[in-house]
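The analysis underlying the following values was restricted to heavy atoms, covering all of them including side chains, and did not include hydrogens, waters or symmetry mates. All residue numbers in this chain count up from 1 along the given sequence.
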Amino acid sequence: MTGPAAMRPARPTLRCLRDDLGLPLPAVTDPLDEIEHPILAKTAEQFAADDAKHERIRAVDDQVLFTVKVQRWRGAVWVDADLPWLVAAGRREDGSTDDFYAALEADGKTA
């Protein structure tokens, strides 16, 4: 008997690291999936098996993006075959236009 198929380790995009998380870009020899941050750890955990259920971000309709939530951090994950990418991240600001998902929806409508 075999277990669920595993996805490759989740990675952040360089834009997400620099612009959204405010982290320095790693050296080219540093694996992106080993960078420490709560939203990156949660993304890796949530997308460890490809048969896990994920909540889609319905406000974005031109790409399939999934939610990641930990503490006050929120993220958007795009999956390319078996490789999940954290493409955007931000903080939850309940009721504010600065809230990550509200801003993502507004940006999507603008685009």
Starting from the C-alpha separation in whole Å, work towards a yes-or-no answer on side chain to side chain contact (heavy atoms under 4.5 Å, CB included) for Arg91 and Phe100. CA-CA 6 Å; Arg91 295 211 181 238; Phe100 173 70; over 6 Å; no
From [X] atom [atom1] to [Y] atom [atom2], the distance as rounded to the nearest 0.5 Å:
| X | Y | atom1 | atom2 | result |
| --- | --- | --- | --- | --- |
| Leu104 | Thr67 | CG | OG1 | 11.0 Å |
| Asp33 | Arg11 | CG | CZ | 6.0 Å |
| Ile39 | Arg72 | CD1 | CZ | 13.0 Å |
| Leu32 | Thr13 | CG | OG1 | 9.0 Å |
| Glu93 | Arg74 | CD | CZ | 10.0 Å |

Side chain proximity check, [X] to [Y], heavy atoms < 4.5 angstrom:
| X | Y | result |
| --- | --- | --- |
| Val77 | Phe47 | yes |
| Glu105 | Arg58 | no |
| Leu21 | Leu40 | yes |
| Glu55 | Lys69 | yes |
| Pro26 | Leu17 | yes |
| Val79 | Trp85 | no |
| Gln46 | His54 | yes |
| Leu83 | Met7 | no |

Between Leu65 and Arg56, is the side chain to side chain contact (heavy atoms under 4.5 Å, CB included) condition met? List the steps. CA-CA 6 Å; Leu65 298 176; Arg56 181 167 178 191; over 6 Å; no
Of all heavy-atom pairs between [X] and [Y], which one has the smallest distance, and what is that distance?
| X | Y | value |
| --- | --- | --- |
| Trp78 | Val64 | CD1-O, 3.6 Å |
| Pro84 | Arg8 | CD-O, 3.4 Å |
| Leu86 | Gly75 | CD1-CA, 3.9 Å |

Could you list all the side-chain hydrogen bond (donor to acceptor under 3.5 Å, both in side chains) pairs where at least one residue sits in residues 19-31, not counting sequence neighbours? Arg15-Asp20
Is the Lys NZ or Arg CZ of Arg92 less than 6.0 Å from the centre of Trp73's six-membered ring, within 45° of the axis? no
Any side-chain to backbone donor/acceptor pair from Tyr101 onto Ile57? Under 3.5 Å, distance only. no
Got a donor-acceptor contact below 3.5 angstrom from the Asp99 side chain to the Ala102 backbone? yes
